[in-house]
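Reminder, nothing fancy here: chain letters follow the sequence lines and each chain counts from 1. Any value given below was found using the heavy atoms of this structure, including those in side chains, with hydrogens, waters and symmetry copies removed.
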2 protein chains.
Amino acid sequence: MLKGHLDAIVLAALEGGPAHGYAIIETIRRGSTDTFDLPEGTVYPALHRLEEAGLLSSAWMVPPGGRRRRMYSLTKAGSAALADRRKAWGRFSHAVDALLGGGRAWPA
Amino acid sequence: MLKGHLDAIVLAALEGGPAHGYAIIETIRRGSTDTFDLPEGTVYPALHRLEEAGLLSSAWMVPPGGRRRRMYSLTKAGSAALADRRKAWGRFSHAVDALLGGGRAWPA
DNA sequence: TTCCATACCTAGTGATACTAGGTATGGAAG
DNA sequence: CTTCCATACCTAGTATCACTAGGTATGGAA
């Protein structure tokens, strides 16, 4: 389970430039050292949701003698949303760290 | 949204000793500097779920001239589960940090 | 020509956290 | 004494989410 942070992760994967679904999955897998090996059924609906929300835009690419691909790019709203998500992640992970003993929590 | 880490947080809140629902909510709120101000409708069902799973045990306390309280304690399985959840959180947050640029991700 | 990797898609499922209610009691305020 | 608030518990229903389990199609390798 990606626990609500999938959107941030997908947006971040597109920060380096446009990419298509399959490549995004690879980027996330390698970027997380195989921790997140996301099934397509997770990523494609997320991409559609993010596009619907105006955070991504897409266009079909059909390279001559190649498979069709839907290329996704961050919109301006998408970049802004990513910045927000990053801040939210910072707050969230900081709070969980505090509660789980990232700072210190267990009695000596 | 607590994004799947609620169980770990609740278990951790009980690591210091038995407590009742209301107190657990307070512990989490203060321990997270108000980041997690959980509604009762989130915490009580979670406590029931964790007890059902054998990770917590509970007993009614009726102090003379006081309100009844259901006190929860970590079971042995609960302590073990907490250790697992902590490890899982470490892996998870490390991977998200890597993807979001905790290490470095944005182009210069 | 057969098969695998690529590349896309969606309907349905299970879990989760939350909303929005409800009950009851002890103590303080009036 | 009664009214109100904080404490303390509870649950049914809901929205969302990530995932399972399918399906389609094509290019290149065997």
Side-chain angles (χ1 to χ4, degrees), chain A residues 1-11 13-14 18-30 32 35-53 55-56 58-72 85 88-89 92 95-96 99, chain B residues 1-11 13 18-30 32 35-53 55-56 58-72 81 85 88-89 92 95-96 99:
Chain A
M1 266 232 200
L2 281 169
K3 321 189 161 152
H5 301 288
L6 173 61
D7 291 4
I9 289 168
V10 168
L11 292 173
L14 285 166
H20 65 284
Y22 228 70
I24 291 170
I25 290 174
E26 262 304 289
T27 298
I28 292 172
R29 196 186 56 71
R30 278 192 281 106
S32 69
T35 301
F36 300 139
D37 193 2
L38 306 183
E40 304 171 24
T42 290
V43 174
Y44 287 117
L47 289 169
H48 300 163
R49 192 164 21 91
L50 291 168
E51 183 171 21
E52 176 78 8
L55 307 185
L56 298 181
S58 75
W60 284 104
M61 298 283 292
V62 188
R67 276 178 220 83
R68 61 162 194 173
R69 292 165 166 181
R70 191 195 281 268
M71 300 294 287
Y72 288 91
R85 306 291 189 131
W89 164 253
F92 177 79
V96 176
L99 291 169
Chain B
M1 266 232 200
L2 282 168
K3 327 196 157 151
H5 301 288
L6 173 62
D7 290 4
I9 289 168
V10 169
L11 292 173
H20 64 284
Y22 229 68
I24 291 171
I25 290 173
E26 263 304 288
T27 299
I28 292 172
R29 196 186 56 70
R30 279 192 280 104
S32 69
T35 301
F36 300 138
D37 194 1
L38 306 182
E40 303 172 25
T42 290
V43 175
Y44 286 116
L47 289 169
H48 300 162
R49 189 164 22 90
L50 291 168
E51 183 171 21
E52 176 77 9
L55 306 185
L56 298 181
S58 76
W60 283 104
M61 298 284 293
V62 188
R67 279 178 219 81
R68 62 164 193 168
R69 292 164 165 182
R70 191 195 280 268
M71 299 294 286
Y72 288 92
R85 306 290 189 132
W89 164 253
F92 177 78
V96 176
L99 290 169

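Here C:dC9 is the nucleotide among C:dC9, D:dG27, D:dT11 with the atom lying nearest to any side-chain atom of A:Y72. The side chain of B:T42 lies closest to C:dC18, out of D:dA18, C:dC18, D:dG27. Here the side chain of B:R69 is nearest to one of D:dA8, D:dC10, C:dA7, namely D:dA8. Candidate nucleotides D:dT26, D:dA8, D:dT11 were compared by shortest atom distance to the side chain of B:Y22, and D:dA8 ranks first.
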Please determine whether side-chain contact (heavy atoms from CB on, under 4.5 Å) holds for the pair B:I28 and B:V10, giving the CA-CA distance in whole Å, both sets of side-chain angles, and the decisive distance to 0.1 Å.
CA-CA 8 Å; B:I28 292 172; B:V10 169; 4.3 Å; yes

A:H20/A:R67 under side-chain contact (heavy atoms from CB on, under 4.5 Å): CA gap, chis, key distance, verdict: CA-CA 12 Å; A:H20 65 284; A:R67 276 178 220 83; over 6 Å; no

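Rounded to whole angstrom, the span from the CH2 atom of B:W60 across to the P atom of C:dT25 amounts to 12 Å. The separation between A:M61 atom CE and C:dA7 atom P is 13 Å, rounded to whole Å. Distance, A:D7 CG to D:dA18 C1': 11 Å, rounded to whole Å. Between the CD1 atom of A:I25 and the C1' atom of C:dC8 there is a distance of 10 Å, rounded to whole Å. Rounded to whole Å, the distance from CZ on A:R68 to P on C:dA5 is 20 Å. Taking atom CZ on A:F36 and atom C1' on D:dC17, their separation rounds to 15 Å, with Å as the unit. One atom, CG of A:L38, and another, P of C:dA7, lie 17 Å apart when rounded to the nearest Å. Taking atom CD of A:E40 as the reference point, atom C1' of C:dT6 lies 9 Å away to the nearest angstrom.
Toward the 5' end of DNA chain D, the nearer of the two residues A:P39 and A:R67, judged by each one's closest nucleotide, is A:P39.
For B:F36 against A:A95, the heavy-atom pair with the smallest separation is CE1-CB, 3.6 Å. Here the shortest heavy-atom pairing between A:I25 and A:L38 reads CG2-O, 3.6 Å. Contact between A:R70 and A:S58 at its shortest, heavy atoms only, is NH1-OG, 3.0 Å.
Identified under the salt bridge (charged side-chain N to carboxylate O under 4.0 Å, His left out) test for residues 19-29 of chain A, with sequence neighbours left out: A:E26-A:R29, A:E26-A:R30, A:R29-A:D34.
In this model, the phosphate group of C:dC8 is approached by a side-chain N or O of A:Y44 to a distance below 4.0 Å at OP1 or OP2. In this model, the phosphate group of C:dA17 is approached by a side-chain N or O of B:R49 to a distance below 4.0 Å at OP1 or OP2. At the phosphate of C:dT10, OP1 or OP2 sits under 4.0 Å from a side-chain N or O atom of A:H48.
At a threshold of 4.5 Å between non-hydrogen side-chain atoms, the residues B:L47 and B:I24 count as touching.
At a threshold of 4.0 angstrom between heavy atoms, the contacts of B:G41 include nucleobase atoms, whether or not backbone atoms are also involved.
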Read 5' to 3' with Watson-Crick or G-U pairs under 3.5 Å, [ ] for crossing pairs and | for partners on another strand, DNA chain D gives ||||||||||||||||||||||||||||||

